[in-house]
Amino acid sequence: MQIATWNVNSIKTRLELLLRWLDEAKPDLVCLQEIKCVDEAFPRAEIEAAGYNVAVHGQKSYNGVAILSRHPLEDVHVRLGGDEQDEHARFIEAVVSTEAGVVRLGGLYLPNGNPADTPKYGYKLAWMERLRAHAAERLAHEEIFVLAGDFNVIPAAEDAKRPAAWVHDALFLPETRAAWRRLLALGMTDAVRACDDAAGLFTFWDYQAGAWQKNDGIRIDHLLLSPQAADRLVGVRIDKHVRAWERPSDHVPVVAELAL
DNA sequence: ATGTCATATCTAATATGA
């Protein structure tokens, strides 16, 4: 089973690219971020026609997440606990059942947090603590559980072409990386790093300043696996070629293959 | 390099977020 995450930066603008990539990659489960539309505007029919079931948690203009699945989606939940005032559409979770087992998948769009000297950074750190608490609860069930999405976290220096450029950025500040390590400390496995410790594995290249042409990228889109999921990890792939397609997202898909 | 892209709004230039 292939489980993927992709920040598409507007589903309306990226629908043709998404359909092309689904046809090419044939993932079983896909978490999408930054769909930037309300539920009613999501191109559900086109994606269902491609063979996917759809669960959407949208919002006008900003944020918005969705899960696509070749299998029926059950037990869909949206929003993280811990802040009833939080209106951002950043989290969706669903369960799929296959012959080989049950998978619980959480798709997330973690707050960017910049500028880091504003309340936006406090919101990011608070959101990461809410995610940690949620993951701790899910891990207690000792099931196949995957958190996939745009974490807006550069875990380590080798995850950036120019780490020095990011030292004061909310994606790379020590507090951000400490919160990331607290997620790992629960017992979750970074799927990419479980398979490949090479430097220069990037998932995002800014639209500005020729970042793509210079391979000036960062790794911020991740899949975190429960022990039961990590036991089944076969491999990972970053579909970097998608960044060279016409009118691309600034992020590319990341795919984990589980033996399921 | 002040470098891009997508959204919304008093449809044209600007504000916002990333």
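Here is how names work: the chains are called A, B, and so on, in the same order as the sequence lines, proteins then strands, and each is numbered from 1. Computed from heavy atoms alone, side chains included, the values below leave out hydrogens, waters and symmetry copies.
The gap from the P atom of B/dG17 to that of B/dA13 amounts to 23 Å, rounded to the nearest Å. Comparing B/dT16 with B/dT9, their P atoms sit 14 Å apart, to the nearest whole Å. Straight-line distance between the P atoms of B/dA15 and B/dC10: roughly 14 Å, to the nearest whole Å. B/dT2 and B/dT7 have their P atoms separated by 26 Å, given to the nearest Å. Comparing the same atom, P, in B/dG3 and in B/dA8 gives a spacing of 23 Å after rounding to whole Å. To the nearest whole angstrom, the two P atoms, one in B/dA6 and one in B/dA1, are 26 Å apart.
Atom CZ of A/Phe151 and atom C1' of B/dA18 are 18 Å apart (whole Å). Protein atom CG of A/Asp250 is 15 Å distant from nucleotide atom C1' of B/dG3, rounded to whole Å. Rounded to whole Å, atom C1' of B/dG17 lies 14 Å from atom CG of A/Asp169. If you take CG of A/Leu32 and P of B/dA6, they are 16 Å apart, rounded to a whole angstrom. Here B/dT4 presents its P atom at 18 Å from NE2 of A/His251, a figure rounded to the nearest Å. Between the C1' atom of B/dT7 and the CZ atom of A/Arg247 lies a distance of 13 Å, rounded to the nearest Å. The distance from atom CD of A/Gln33 to atom C1' of B/dG17 is 16 Å, rounded to the nearest whole Å. Here the C1' atom of nucleotide B/dA18 and the NZ atom of A/Lys124 are 11 Å apart, to the nearest Å.
Nearer the 5' end of DNA chain B, as judged by each residue's closest nucleotide, is the contact made by A/Ser61, out of A/Asn114 and A/Ser61.
Taken residue by residue, residues 208-224 of chain A places heavy atoms nearer than 4.0 Å to DNA chain B at A/Gln208, A/Ala209. Taking a 4.0 Å limit (strictly below) on heavy-atom distances, residues 7-14 of chain A reaches DNA chain B at A/Asn9, A/Ser10, A/Thr13, A/Arg14.
A close approach under 4.0 Å does not occur between any side-chain nitrogen or oxygen of A/Lys36 and OP1 or OP2 of B/dC5.
A/Lys124 places a side-chain N or O within donor-acceptor distance of the main-chain N or O of A/Ala170, the cut-off being under 3.5 Å.
For residues 147-165 of chain A, every residue pair satisfying the side-chain hydrogen bond (donor to acceptor under 3.5 Å, both in side chains) rule, not counting sequence neighbours, is listed here: A/Asn7-A/Asp150, A/Asp159-A/Arg193, A/Asp159-A/Arg219, A/Arg162-A/Asp216. Listed by first and then second residue, the salt bridge (Lys or Arg N to Asp or Glu O under 4.0 Å) pairs involving residues 51-77 of chain A are A/Asp75-A/Arg104 (not counting sequence neighbours). Within the structure, side-chain hydrogen bond (donor to acceptor under 3.5 Å, both in side chains) pairs that include any residue of residues 16-30 of chain A comprise A/Trp21-A/Asp239, A/Glu24-A/His241 (at least two apart or interchain). Within the structure, ring-ring contact (aromatic ring centres under 6.0 Å, His included) contacts touching residues 71-107 of chain A (residues at least two apart or in different chains) are A/His88-A/Tyr123, A/Phe91-A/His134.
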Could I get a table of every N or O pair under 3.5 Å where one atom is in the protein and the other is in nucleotides 9-15 of chain B?
{"unit_1": "B/dT9", "atom_1": "OP1", "unit_2": "A/Lys60", "atom_2": "NZ", "d": "3.2"}

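Checking A/Asn215 against A/Trp205 by side-chain atom types alone, a donor-acceptor pair falls below 3.5 Å.
Partners of A/Ala50 under the side chain to side chain contact (heavy atoms under 4.5 Å, CB included) rule, at least two apart in sequence or in another chain, are A/Leu19, A/Tyr52. In terms of the ring-ring contact (aromatic ring centres under 6.0 Å, His included) criterion, A/His141 has no residue partners (sequence neighbours excluded). Taking the salt bridge (Lys or Arg N to Asp or Glu O under 4.0 Å) definition, one finds that A/Glu175 meets it with nothing, sequence neighbours left out.
Listed by chain and number, the hydrophobic cluster partners of A/Tyr207 come to none, as no ILVMFWY side chain reaches under 4.5 Å of it. Grouped with A/Ile218 in one hydrophobic cluster are A/Ile154, A/Trp166, A/Val167, A/Leu171, A/Phe172, A/Phe204, A/Ile220, the linkage being side-chain heavy-atom contacts under 4.5 Å among Ile, Leu, Val, Met, Phe, Trp and Tyr residues.
Counting any heavy atom pair closer than 4.0 Å across all strands shown, A/Phe204 reaches no nucleic acid atom.
Classification of the A/Phe151-A/Trp180 ring pair by plane angle, with boundaries at 30° and 60°, yields perpendicular.
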